Visitor: 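Sharing a structure, written as structure tokens. Questions coming.
Predicted, not measured: the structure shown is a model, and the values here were computed from it. Order of the sequence lines fixes the chain letters, A, B, ..., with proteins taken first and strands second; residue numbering starts at 1 for each chain.
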Number of protein chains: 2
Amino acid sequence: MRNKRLKDIKEKLAARDYRLTPQRELILEIFAENSDRHLSAEEIYDLIRQKNPDIGLATVYRTLELLEDLKVIQSINFGDGCARYEFTGDRHHHHHLICLECGEVEEVDEDLLEKLEQSIEEKHGFRITDHQVKFYGICRRCQEKFATT
Amino acid sequence: MRNKRLKDIKEKLAARDYRLTPQRELILEIFAENSDRHLSAEEIYDLIRQKNPDIGLATVYRTLELLEDLKVIQSINFGDGCARYEFTGDRHHHHHLICLECGEVEEVDEDLLEKLEQSIEEKHGFRITDHQVKFYGICRRCQEKFATT
DNA sequence: GTACGTGCAAATTGTTTGCAGCGTG
DNA sequence: CACGCTGCAAACAATTTGCACGTAC
């Protein structure tokens, strides 16, 4: 299954005459191993150097740009001053819960947005292709922290 | 009415021992005159210099930070590499429609999110204090442009 | 051998900071 | 006079770019 994904990506690349180089594969590996996190370019760079110290930060940025173009990953801004990425893959659409206290990011499965989208398309004549929903607040753990203080 | 808003802001500032200087007032004026747009720091800087050429970019940034702190304005990231701002004012909460073709940003009145928020609070124990919803797609005008081509 | 890819260093861009001087309560 | 506020220039941090070399079809 994992190999299928890799093969898919390789085909997407090939369709544009791009190659699946060891560096690119390593970056994809990092993503697969950290699918629960939202890594920044710098963080990916640090992780990747543990596997291959000779990789350049510019390569990381270039690869991220490429993968985003191919819609393999997508960039999200959590307001901490750098872009963060996540696999788009075949995953179900989801929202993000951002804790204002500890910065932790949780994910919630998509729900209840179809009706809203439909009404917007009708009222505004705007054809929606994607959306991004973020909720800010205090996560359960931080609420408990406060409660016991 | 407008004056009331200004007076409110002045009070908010005073509550923290800050002053409503001519520069700050000018920036608020720019916001009022461009309430249909989402200006970036640089754009505000350019507009403001037409009124007073001696103002510094750093002052703009510092004022924006201050006004955001006071919740007079709020920052939004539309993915174009810089922060953009809008009055929070007494306006109704709203979503943003971002056209991937021309970059134009439209606003939609808030709707239908209460149920979703409630279910998230219950399932995740996450206390939501704010949210941000963006829809990406093609605006009416761009669709028409394509249709006639 | 012709592109694509890479690492490195330098360049760019949005934003922040240090500092000396100004102005207002 | 104390302190907030300013403009300017320098500092910073995330990201991009130029370039010469490497490498896969």
Side-chain angles (χ1 to χ4, degrees), chain A residues 9-30 38-70 72-85 103, chain B residues 9-30 38-70 72-85 103:
Chain A
I9 295 172
K10 193 166 182 176
E11 277 166 16
K12 278 193 185 179
L13 285 165
R16 296 222 215 161
D17 280 322
Y18 295 138
R19 299 171 197 153
L20 185 57
T21 63
Q23 288 92 331
R24 289 175 184 172
E25 212 171 326
L26 261 184
I27 289 178
L28 288 167
E29 202 177 307
I30 297 284
H38 296 90
L39 299 168
S40 66
E42 211 91 28
E43 284 169 353
I44 292 168
Y45 178 55
D46 287 343
L47 288 169
I48 218 163
R49 292 175 96 189
Q50 296 168 13
K51 304 190 180 213
N52 175 357
D54 287 339
I55 211 162
L57 181 55
T59 301
V60 173
Y61 274 106
R62 279 186 284 231
T63 302
L64 290 173
E65 193 189 350
L66 179 58
L67 292 176
E68 200 181 354
D69 257 26
L70 296 175
V72 171
I73 59 174
Q74 90 191 93
S75 137
I76 315 170
N77 191 301
F78 291 117
D80 63 344
C82 63
R84 295 183 169 276
Y85 296 85
Chain B
I9 295 172
K10 192 165 183 177
E11 277 165 17
K12 278 193 185 182
L13 286 165
R16 298 220 214 163
D17 281 322
Y18 296 140
R19 299 175 195 148
L20 184 57
T21 64
Q23 288 91 332
R24 289 175 184 171
E25 212 171 326
L26 260 185
I27 290 179
L28 289 166
E29 201 177 307
I30 296 283
H38 296 90
L39 298 169
S40 67
E42 212 90 30
E43 285 169 352
I44 292 168
Y45 179 55
D46 287 344
L47 288 169
I48 217 165
R49 291 175 95 190
Q50 297 168 13
K51 303 188 179 213
N52 174 358
D54 286 337
I55 211 160
L57 181 54
T59 300
V60 174
Y61 274 106
R62 279 187 284 232
T63 302
L64 291 173
E65 194 190 349
L66 178 60
L67 292 176
E68 199 181 354
D69 258 24
L70 296 175
V72 171
I73 58 173
Q74 92 189 94
S75 137
I76 315 170
N77 190 300
F78 291 117
D80 64 343
C82 63
R84 295 182 168 276
Y85 297 83

Visitor: Under a 4.0 Å heavy-atom cut-off, which of residues 75-84 of chain B touch DNA chain C?
Guide: B:Gly81, B:Cys82, B:Ala83
Visitor: Mark up nucleotides 17-25 of chain D, 5' to 3', with B wherever a protein heavy atom is under 4.0 angstrom from a base atom, S wherever such an atom reaches only the sugar-phosphate, and - elsewhere.
Guide: BB-------
Visitor: Can a side chain N or O of A:Tyr61 be found less than 4.0 Å away from OP1 or OP2 on D:dT16?
Guide: no
Visitor: Kindly write out the residues that satisfy side chain to side chain contact (heavy atoms under 4.5 Å, CB included) with B:Tyr45, not counting sequence neighbours, or none if the list is empty.
Guide: B:Arg49, B:Ile55, B:Leu57, B:Val60
Visitor: Short of 4.0 Å, heavy atom to strand atom, which residues of residues 40-55 of chain A count as contacting DNA chain C?
Guide: A:Asp54, A:Ile55
Visitor: Which value, rounded to the nearest 0.5 Å, describes the distance between B:Leu39 atom CG and B:Ile30 atom CD1?
Guide: 8.0 Å
Visitor: Determine which pairs satisfy salt bridge (Lys or Arg N to Asp or Glu O under 4.0 Å) with at least one residue from residues 73-82 of chain B, sequence neighbours left out, and list them in order.
Guide: B:Asp80-B:Arg84
Visitor: Expressed as a whole number of angstroms, how long is the span from A:Leu66:CG to C:dG5:P?
Guide: 7 Å
Visitor: Residues of residues 9-18 of chain B with any non-hydrogen atom less than 4.0 angstrom from an atom of DNA chain D: list those, numerically ordered, please.
Guide: B:Asp17, B:Tyr18
Visitor: Please list, chain by chain and in numerical order, all residues satisfying salt bridge (Lys or Arg N to Asp or Glu O under 4.0 Å) with B:Glu25, sequence neighbours excluded.
Guide: none
Visitor: Starting at CD of A:Gln23, measure out to CD1 of A:Ile48 and round the result to the nearest 0.5 Å.
Guide: 8.0 Å
Visitor: Whole-Å distance between D:dC5 P and B:Glu25 CD?
Guide: 14 Å
Visitor: When rounded to the nearest 0.5 angstrom, what is the spacing between CG in B:Leu28 and CD1 in B:Ile73?
Guide: 8.5 Å
Visitor: Give a yes/no on whether any side-chain N or O of B:Thr21 is located under 4.0 angstrom from OP1 or OP2 of C:dG23.
Guide: no
Visitor: Suppose we screen for side chain to side chain contact (heavy atoms under 4.5 Å, CB included). Which residues come up paired with B:Asn52, at least two apart in sequence or across chains?
Guide: B:Leu26, B:Asp54
Visitor: How would you list all residue pairs meeting salt bridge (Lys or Arg N to Asp or Glu O under 4.0 Å) that involve residues 57-68 of chain A, not counting sequence neighbours?
Guide: none
Visitor: Which residue is it: A:Val72, A:Ile44, A:Thr59, A:Asp69? I am looking for the one with a side chain to side chain contact (heavy atoms under 4.5 Å, CB included) to A:Leu64.
Guide: A:Ile44
Visitor: Who are the ring-ring contact (aromatic ring centres under 6.0 Å, His included) partners of A:Phe78, not counting sequence neighbours?
Guide: A:His38, A:His96
Visitor: Could you tell me the separation between the CG atom of B:Asp46 and the CD atom of B:Glu42, rounded to the nearest 0.5 Å?
Guide: 6.5 Å
Visitor: Please list all pairs passing the side chain to side chain donor-acceptor pair (under 3.5 Å) test where one or both residues lie in residues 10-20 of chain B, with sequence neighbours left out.
Guide: none
Visitor: Could you give the CG-to-P distance, from A:Leu57 to D:dA14, as a whole number of Å?
Guide: 10 Å
Visitor: Could you work out which one of C:dT6, D:dT6, C:dT15 sits closest to the side chain of B:Gln23?
Guide: D:dT6
Visitor: What verdict does the side-chain contact (heavy atoms from CB on, under 4.5 Å) test give for A:Leu13 and A:Leu66, after you've listed the backbone C-alpha separation in whole Å, the side-chain angles of each residue and the deciding distance to 0.1 Å?
Guide: CA-CA 9 Å; A:Leu13 285 165; A:Leu66 179 58; 3.7 Å; yes
